[in-house]
Amino acid sequence: MENSKSVDIKSLSRKTLSNQVIDEIIGLLTTGQLKPGDRIPSELELMEICGVSRPVIREAMTSLEVLGIVNRKTRNGTFFADKVGSKPFSMMLALSSTDLVSIIETRVALELGLITLAAEKITDEDLARLRDLIEEMKALPTEDSSDVDKEFHKSIALAAKIPLFEAIIDPLQSFHQKVLEQIPLEDRNLAQTIEYHVDIYNALEKRDPIEAYKAMYRHLDFVRKKAMKRFNTEES
């Protein structure tokens, strides 16, 4: 291969060929044979290596391009993306859109991990942003704090300062919105919500990961129970 690295991809069976090609191409990254930004073998090279037809290769590459894992450059070939975007996570959310329990639990798992890291890395500027959002929440004319609440949680996610995680912040916000939509306005409690956010802020200001974890869990558990109350009612 001209201007590309030698790679090793195992032979494939005739079953679900395009999916197997996808797995093998992604495997080039996970095994370290290629790195983000590297050129992927051409269609002809992949056909020879994998022992499959051109349509199978093209189907696999199209899927990878849709997911934002590869970029096709006219005349120059196909390259792994330098950084994976949010599309894979957005698609996961779309596929799970009817599984409310999974969405709620995924949000809890992600945010509990994020806040412990945010407590270690948060800056004075980050804290000022959270303070402003709490004041904005206190001034709301109704019980609906969903927009400000989303910004508060997004600010915490950004405060964790994980470049790899930046790609899934927006899908995480979609998770957040979907959960809040399950809680009727009459079941929301702005005063209680503000109290939870103040507790979270105070823990972050102390740079205390354990206290921050506990404060976030209390808040998320409160929201989870409110959302699940409606879900259980609809199921019964």
Side-chain angles (χ1 to χ4, degrees), residues 85-86 89-90 92-94 96-97 100-163 165-231:
S86 65
F89 307 100
S90 297
M92 287 170 60
L93 173 61
S96 303
S97 60
L100 178 63
V101 175
S102 178
I103 288 174
I104 292 173
E105 291 179 347
T106 298
R107 182 195 171 198
V108 171
L110 288 173
E111 295 213 43
L112 289 178
L114 280 172
I115 197 163
T116 58
L117 293 171
E120 297 174 352
K121 302 178 183 180
I122 199 162
T123 65
D124 290 341
E125 183 178 354
D126 295 329
L127 288 168
R129 171 62 176 158
L130 294 178
R131 281 198 305 272
D132 289 343
L133 289 169
I134 290 174
E135 292 305 313
E136 188 176 337
M137 194 175 290
K138 290 178 179 178
L140 289 171
T142 72
E143 296 292 308
D144 184 9
S145 62
S146 56
D147 288 341
V148 183
D149 192 60
K150 283 195 301 181
E151 284 302 311
F152 187 89
H153 287 267
K154 183 175 183 177
S155 296
I156 291 173
L158 291 171
K161 297 174 177 58
I162 309 172
F165 192 82
E166 291 176 6
I168 72 172
I169 287 178
D170 286 338
L172 177 60
Q173 291 291 286
S174 296
F175 275 86
H176 186 107
Q177 182 61 36
K178 192 163 187 66
V179 172
L180 292 179
E181 287 171 358
Q182 305 306 311
I183 307 174
L185 191 59
E186 60 269 21
D187 287 349
R188 302 186 189 188
N189 185 328
L190 182 59
Q192 180 69 74
T193 298
I194 291 170
E195 183 178 331
Y196 283 126
H197 285 75
V198 169
D199 288 345
I200 291 169
Y201 171 83
N202 289 338
L204 289 171
E205 187 181 36
K206 295 176 184 176
R207 273 74 174 185
D208 187 331
I210 295 176
E211 186 175 335
Y213 180 100
K214 291 178 178 178
M216 179 63 82
Y217 179 81
R218 286 192 293 269
H219 171 46
L220 295 178
D221 189 51
F222 172 79
V223 175
R224 174 171 57 178
K225 288 175 179 175
K226 289 282 188 181
M228 290 304 296
K229 176 182 178 181
R230 177 176 178 180
F231 175 74

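Numbers here are sequence positions counted from 1. The shown structure was predicted, so the numbers you read here are calculated from the model rather than taken from an experiment.
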For this session: Could you pull out all residues at least two apart from Asp208 that satisfy side-chain hydrogen bond (donor to acceptor under 3.5 Å, both in side chains)?
Result: none

Problem set entry | Pair Met137-Asp147, side-chain contact (heavy atoms from CB on, under 4.5 Å): steps then yes or no | CA-CA 9 Å; Met137 194 175 290; Asp147 288 341; over 6 Å; no

For this session: Identify the heavy atoms of His197 and Thr193 that sit nearest to each other, and give their distance.
Result: ND1-O, 2.6 Å

Exercise. Of the non-hydrogen atoms in Tyr201 and Leu130, which two are nearest, and what is the gap between them?
Worked result: CD1-CB, 3.9 Å

For this session: Assess whether salt bridge (charged side-chain N to carboxylate O under 4.0 Å, His left out) is satisfied between Arg107 and Glu111, documenting all intermediate values.
Result: CA-CA 6 Å; Arg107 182 195 171 198; Glu111 295 213 43; 2.8 Å; yes

Seminar exercise, completed: Residues passing the side chain to side chain contact (heavy atoms under 4.5 Å, CB included) test with Asn202, sequence neighbours excluded, are Val198, Glu205

Seminar exercise, completed: Sorted by chain and residue number, the ring-ring contact (aromatic ring centres under 6.0 Å, His included) partners of Phe222 (sequence neighbours excluded) come out as Tyr196

For this session: Show the numbers, then the answer: is there a side-chain contact (heavy atoms from CB on, under 4.5 Å) between Leu220 and Glu105?
Result: CA-CA 10 Å; Leu220 295 178; Glu105 291 179 347; over 6 Å; no

Exercise. How many angstroms lie between atom CD1 of Ile156 and atom CG of Leu117, to the nearest 0.5 angstrom?
Worked result: 12.5 Å

For this session: Compare all side-chain heavy atoms of Arg188 with those of Val223 and state whether any distance is below 4.5 angstrom.
Result: no

Exercise. Residues two or more places apart in sequence or in another chain: which of them pass salt bridge (Lys or Arg N to Asp or Glu O under 4.0 Å) with Lys214?
Worked result: none

For this session: Would you please say whether a donor-acceptor pair under 3.5 Å links the side chains of Asp144 and Ser146?
Result: yes

Problem set entry | side chain to side chain contact (heavy atoms under 4.5 Å, CB included) against Ala212, all qualifying residues, sequence neighbours excluded | Ile115, Ala119, Ala203, Leu204

Problem set entry | Those residues that, when tested against Arg129, pass side chain to side chain contact (heavy atoms under 4.5 Å, CB included) (two or more places apart) | Leu133, Glu151, Ser155

Seminar exercise, completed: Those residues at least two apart in sequence (or on a different chain) that pass side-chain hydrogen bond (donor to acceptor under 3.5 Å, both in side chains) with Arg218 are none

Exercise. Salt-bridged, Arg207 to Glu120, with N to O below 4.0 Å?
Worked result: no

For this session: Please list, chain by chain and in numerical order, all residues satisfying side-chain hydrogen bond (donor to acceptor under 3.5 Å, both in side chains) with Asp221, sequence neighbours excluded.
Result: Arg224, Lys225

Problem set entry | Heavy-atom side-chain contact between Ile162 and Leu114 under 4.5 Å | yes

Seminar exercise, completed: All heavy atoms of Glu136 vs all of Val148, minimum pair found to be OE2-CG2, 3.7 Å

Exercise. Taking only residues two or more places apart in sequence, or in another chain, which ones meet Asp199 in a side-chain hydrogen bond (donor to acceptor under 3.5 Å, both in side chains)?
Worked result: none

For this session: State which residues pass salt bridge (Lys or Arg N to Asp or Glu O under 4.0 Å) with Glu195; sequence neighbours excluded, sorted by chain then number.
Result: none

Exercise. Looking at residues at least two apart in the chain, or sitting in another chain, which of them share a ring-ring contact (aromatic ring centres under 6.0 Å, His included) with Tyr213?
Worked result: none

Problem set entry | Test side chain to side chain contact (heavy atoms under 4.5 Å, CB included) applied to Lys161 - qualifying residues, sequence neighbours left out | Lys121, Thr123, Asp126, Ala159

